[in-house]
2 protein chains.
Amino acid sequence: MIMKYKTVIVDDHPIVISGISGLLSDLDNIEIVDKFESGIALLDYIEDNKVDLILMDIFLPVINGVDLCKTIKQKHPRIVIIGMSSQSERSLVMQFIQNGGNGYILKNASFDEFKECIYKAIEGEIVFSEEVKTIISQPLSEDLERIPGLSRRERDIALLLSQGKSTQEIADDLFLSFLTVQTHRRNILQKYKMKNVAELIAFLLKNNMLN
Amino acid sequence: MIMKYKTVIVDDHPIVISGISGLLSDLDNIEIVDKFESGIALLDYIEDNKVDLILMDIFLPVINGVDLCKTIKQKHPRIVIIGMSSQSERSLVMQFIQNGGNGYILKNASFDEFKECIYKAIEGEIVFSEEVKTIISQPLSEDLERIPGLSRRERDIALLLSQGKSTQEIADDLFLSFLTVQTHRRNILQKYKMKNVAELIAFLLKNNMLN
DNA sequence: TAAAAAATACATTTTATCAGGTATTGTTCT
DNA sequence: AGAACAATACCTGATAAAATGTATTTTTTA
């Protein structure tokens, strides 16, 4: 009897689950043991069942794929995890891999790409579909990248600023001194070389750095 | 012999195409005649072939689904077109329907939802999956809708505000008095009941009212 | 465990914004 | 022709933000 890789699919789109199932049914050493629409359900499942390979969407409700991957890998480092998404950013892919992910595939990949990636991943390689490769190799050249990123506290404050809160209101909301919030505001403005909060909020929203 | 609805799927994700194919194969009066990964290929196809139903992704390369729908409906108003996407905004759905779309389904819809929507659409109804319904029904109930819209001058000023310009700088840029700009600022803030420019910019950007 | 980064806090001066009220001159639509 | 809206402009007082300089504690990471 041949050992088959026990495989689980996690995606909140039923059609995608069905599509991947169809695809994987062609591969004779892969056995789909279950499908989930959320990460929580998956976490429960892997505590009680043997799983070798997980194909997961990155944009999931409740827990996102990047965090989910980290959580799983901490307890079950041997499980091979491949991330998937429709569109992707460089930083997201890198974060996923840093959290132990074994590969990343864009959903517009061809069936052959999918199959090849899955095969290589279970053989121990870190795999990327074609478009992901171009994404992660390109944008380092432009200086558009290398945006420092807000700290958690800074993000909290930026978010409240975007809601029209004043320094005092933010201080009250976060139980901080007025002066502390003032310092954070200044640091954020300086970090991105913004003239005022209006420009800052526009910048953060355009770069999806808020929420 | 039973007449089957000649159906075409357009999606740039092979897995999704496969998933929908699987789903539709359960429906015995639907016949999938072809699948495309771009709108251009579809436009060529429908010139030479009979098509009754099209299921199309809204986010497609080259031509987006909303425009594609419009183009098709102008020449072939009888073809039933259902739009699909992973996430959605109210305005996008409304635009699709205004362009002649016969329905809109979110990809996280269940199989049953999919089937029901397709059946109802070919019977002439305008159909939405559950989550789409909540999206399009929510903001109308609140007074969030009925957004007055900026005048040209107000938009000019809002745009410059989002670029971090001060009242004086804007006045200089537009050859206006400082006091005029001040009045416009106030009017804009009052119109949307915003506390300050930061909140205003966040609001305008989230509602695509700038640019 | 040492260094770096983040979070906290204080004080002051200058400048800008916000909120209030008012008013004239164009446009645009009915 | 008249109403409604848009754009222009002025004044002022209260408040808030921005710029500058400094410093301690906590947390994270190399």
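Naming: A, B, ... by sequence-line order, numbering from 1 per chain. Hydrogens, waters and symmetry mates are skipped; everything else that's a heavy atom, side chains included, is used.
Counting heavy-atom neighbours within 6.0 Å of A:K6 NZ, excluding the residue itself, gives a total of 12 or less. Atom NZ of B:K50 sits in a crowded spot, with more than 12 heavy atoms from other residues, nucleotides or ligands closer than 6.0 Å. Within a 6.0 Å sphere centred on NZ of A:K70, heavy atoms belonging to other residues, nucleotides or ligands number 12 at most.
For the pair A:L174 CG and C:dA9 P, the computed distance is 11 Å after rounding to whole Å. The nearest whole Å value for the distance from the CZ atom in A:R155 to the C1' atom in C:dA7 is 15 Å. Computed from coordinates, the B:H184 NE2 to D:dC10 P distance equals 13 Å when rounded to whole Å. Separating the CD1 atom of B:I170 from the P atom of D:dA7 is a distance of 15 Å, rounded to the nearest angstrom. Spacing between atom CG of A:L179 and atom P of C:dT12 amounts to 11 Å, rounded to whole angstrom units. Across the protein-nucleic acid pair, A:R153 atom CZ and D:dT28 atom C1' stand 16 Å apart, rounded to whole Å. A straight line from CG of B:N187 to C1' of D:dA7 spans 10 Å, rounded to a whole angstrom.
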Show me the protein contacts with nucleotides 2-4 of chain D, counting only N or O atoms at under 3.5 Å.
none

Could I get a table of every N or O pair under 3.5 Å where one atom is in the protein and the other is in nucleotides 17-23 of chain C?
{"residue": "C:dT17", "atom": "OP1", "partner": "B:R185", "partner atom": "NH1", "Å": "3.0"}
{"residue": "C:dT17", "atom": "OP2", "partner": "B:T167", "partner atom": "N", "Å": "3.4"}
{"residue": "C:dT17", "atom": "OP2", "partner": "B:T167", "partner atom": "OG1", "Å": "2.7"}
{"residue": "C:dC18", "atom": "OP1", "partner": "B:V197", "partner atom": "N", "Å": "3.2"}
{"residue": "C:dC18", "atom": "OP2", "partner": "B:R185", "partner atom": "NH2", "Å": "2.6"}
{"residue": "C:dG20", "atom": "N7", "partner": "B:R186", "partner atom": "NH1", "Å": "2.8"}
{"residue": "C:dG20", "atom": "O6", "partner": "B:R186", "partner atom": "NH1", "Å": "3.0"}
{"residue": "C:dG21", "atom": "N7", "partner": "B:R186", "partner atom": "NH1", "Å": "3.0"}
{"residue": "C:dG21", "atom": "O6", "partner": "B:R186", "partner atom": "NH1", "Å": "3.4"}
{"residue": "C:dG21", "atom": "O6", "partner": "B:R186", "partner atom": "NH2", "Å": "2.8"}

What nitrogen or oxygen pairs link the protein and nucleotides 26-28 of chain C at under 3.5 Å?
none

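With respect to A:V8, the side chain to side chain contact (heavy atoms under 4.5 Å, CB included) criterion is satisfied by exactly one of A:I79, A:V51, A:N49: A:V51. For the pairing with A:L55, the side chain to side chain contact (heavy atoms under 4.5 Å, CB included) check across A:V10, A:I17, A:D11, A:L24 returns one residue only, A:L24.
In this model, the phosphate group of C:dA9 is approached by a side-chain N or O of A:T180 to a distance below 4.0 Å at OP1 or OP2.
Listed for the A:N196 side chain is a donor-acceptor partner under 3.5 Å among the backbone atoms of A:E199.
Counting heavy atoms from C-beta outward, B:M56 and B:F36 have side chains that stay 4.5 Å or more apart. Proximity of B:H13 to A:M84: side-chain heavy atoms (C-beta onward) are nowhere separated by under 4.5 Å. Using a 4.5 Å heavy-atom threshold, the side chains of B:V197 and A:V197 count as separate.
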CA sep, side-chain torsions, deciding dist, call: B:F111, A:S18, side-chain contact (heavy atoms from CB on, under 4.5 Å) = CA-CA 10 Å; B:F111 274 34; A:S18 147; 3.4 Å; yes
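The 5' end of DNA chain D is approached more closely, in terms of each residue's nearest nucleotide, by B:E154 than by the other of B:E154 and B:S177.
With rounding to the nearest 0.5 angstrom, the NE2 atom of B:H76 is 10.5 Å from the OG1 atom of B:T71.
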